[in-house]
Amino acid sequence: MGIGVKIAGVGYYVPEKILDNAYFENIVDTNNDWIMQMTGIQERRMAAPEQATSDLGILASKLAMEDAGISAKDIEYVVHHSVTPDMIFPGTSCLVQHALGIKDAGTLDVQAGCTGLIYALSVGYAYIKAGLYKTILVIAGDCLTRITDYEDRNTCVLFGDGACAFVLTATTEADSFKSFYVDGDGSFAELLSQPCSGSRIPATHEALDKRLQYLKMDGPNTFKLAVTAMTNSANKVLKEANMDSSQIDWLIPHQANMRIMESVAKKLKISEEKVVKTIHKYGNTSATTLGIAFAELVKEGKIKRGDNIVFVSFGAGATWGATLFQY
């Protein structure tokens, strides 16, 4: 049978501070009805001033390790995804590794926009399947509120902060993951970006005066491409696994916009009760939306061992992808 890969534990963390829609009514020209109609978001979470992305990931990781029944000494590799790392370098994976007391373990930072959790899981999966490691900690975390422009009414209502973590382990039993698909196209790079702070546009006074340190998004074109790319991605993993949508117990789409999620589910012919939705209370937390939604339902006992689940997402890059797994 060879080496299989199992999701041994999951965890998530969202900050305590809540920004409801009334908050935005006081700072930009918007209102609760418009936000709900256009996005489906009621609330989102904001990290405390002293919290960075690594802090959120550390808390999620501790819960995932507890869920898996393992300790720091068991972790052999740490994969971390974020579009808002603590700093450009050193990598956030190193910071989390040290804080958790993990020794003699490799670290890797991945960056693939909102598709990043699927990319990170595929990396961890491949390492274990190749026989290089037996236990890998996969984390996705973001503080998107730190790069949100609170003068831009079209984007400021969308984003929140959070983190999720998965413990992947080798198993002699059947492989939990049935298929992966990831893709990208840099010709769509300008749809969603943070222009300033890299080598192209350094963080100069001129750049900051132009507010280029904040996230920029072409909403309408992102919407159209996301629906097509996510639908195609889900169909690809279903086909690879020789399954159809009727065999899926839970569809967990990236929580970017309620209308995107509903459009994807309709195209896949998956009934509404099988579509996991957390966007109303957490907003768009980038790649972490998938893991937060999954871990929350596991904690609540709604997702059970043996359920067939599809993660599907679209993000900056542009990137997109999906994975089909049996929990």
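Going from atom CD1 of I201 over to atom CG of L212 covers 5.5 Å, rounded to the nearest 0.5 Å. Residue F314 holds its CZ atom at 8.0 Å from CG of L192, rounded to the nearest 0.5 Å. Summarising the geometry, atom CG belonging to D244 is positioned 13.5 Å from atom NZ belonging to K239; distances are rounded to the nearest 0.5 Å. Between T53 atom OG1 and M87 atom CE the span is 10.5 Å, to the nearest 0.5 Å. For the atom pair OG1 (T169) and CD1 (I3), the distance works out to 11.5 Å, reported to the nearest 0.5 Å.
In this structure, K236 does not pair ionically with E240, as no charged nitrogen and carboxylate oxygen lie closer than 4.0 Å. Contact check on D152 versus R211 returns no salt bridge, with no Lys/Arg side-chain nitrogen under 4.0 Å from an Asp/Glu carboxylate oxygen. Ion pairing of E173 with K6 is absent here, as no side-chain N (NZ or NE/NH1/NH2) approaches a carboxylate O to less than 4.0 Å.
Judged as a side-chain hydrogen bond (donor to acceptor under 3.5 Å, both in side chains), and not counting sequence neighbours, the contacts of Q51 are Y13. Qualifying ring-ring contact (aromatic ring centres under 6.0 Å, His included) partners for Y12, counting only residues two or more places apart in sequence or in other chains: none. Contacts of F188 classified as ring-ring contact (aromatic ring centres under 6.0 Å, His included), with partners at least two apart in sequence or in another chain: none. Every residue two or more places apart in sequence or in another chain was checked for a side-chain hydrogen bond (donor to acceptor under 3.5 Å, both in side chains) with N308, and none qualifies. Scored by the ring-ring contact (aromatic ring centres under 6.0 Å, His included) test, F177 finds Y125, F180, F325 as partners (sequence neighbours excluded). A search for ring-ring contact (aromatic ring centres under 6.0 Å, His included) contacts involving Y181 returns nothing, not counting sequence neighbours. Listed by chain and residue number, nothing satisfies the side-chain hydrogen bond (donor to acceptor under 3.5 Å, both in side chains) test with S197 (two or more places apart in sequence, or in another chain).
Distance alone, capped at 3.5 Å, places no donor-acceptor pair between the E43 side chain and the I18 backbone. The main-chain N or O of S179 is found under 3.5 Å from a side-chain atom of T323 such that the two form a donor-acceptor pair. Although no hydrogens or angles enter the test, the distance criterion places no donor-acceptor pair under 3.5 Å between the side chain of N232 and the main chain of A229. Of the possible donor and acceptor atoms, one in the side chain of R45 sits under 3.5 Å from a partner among the backbone N and O of P15.
The side chain to side chain donor-acceptor pair (under 3.5 Å) analysis of residues 137-148, with sequence neighbours excluded, yields the pairs S82-D142, T84-D142, D142-S286, T145-D161. Counting only residues at least two apart or on different chains, the side chain to side chain donor-acceptor pair (under 3.5 Å) pairs with a member in residues 106-117 are S93-D109, T115-T319. Screening residues 257-275 for salt bridge (charged side-chain N to carboxylate O under 4.0 Å, His left out), with sequence neighbours left out, gives E262-K277, E272-K277.
Here the closest non-hydrogen pair linking V157 and I41 is O-CD1, 3.8 Å.
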Return all side-chain donor-acceptor pairs below 3.5 angstrom for residues 97-106, not counting sequence neighbours, or 'none' if the list is empty.
residue, atom, partner, partner atom, Å
Q97, NE2, A105, O, 2.9

In a table with atom names and distances, give each donor-acceptor pair under 3.5 Å that connects a side chain of residues 132-139 to protein atoms at least two apart or in another chain.
none

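Grouping the Ile, Leu, Val, Met, Phe, Trp and Tyr side chains by contacts below 4.5 angstrom, directly or via other members, places V110 with L290.
Residues C196 and Q194 are not in side-chain contact: their nearest non-hydrogen atoms beyond the backbone lie 4.5 Å or more apart.
For K281, the NZ atom counts as densely surrounded, since its 6.0 Å shell holds more than 12 non-hydrogen atoms of other residues, nucleotides or ligands.
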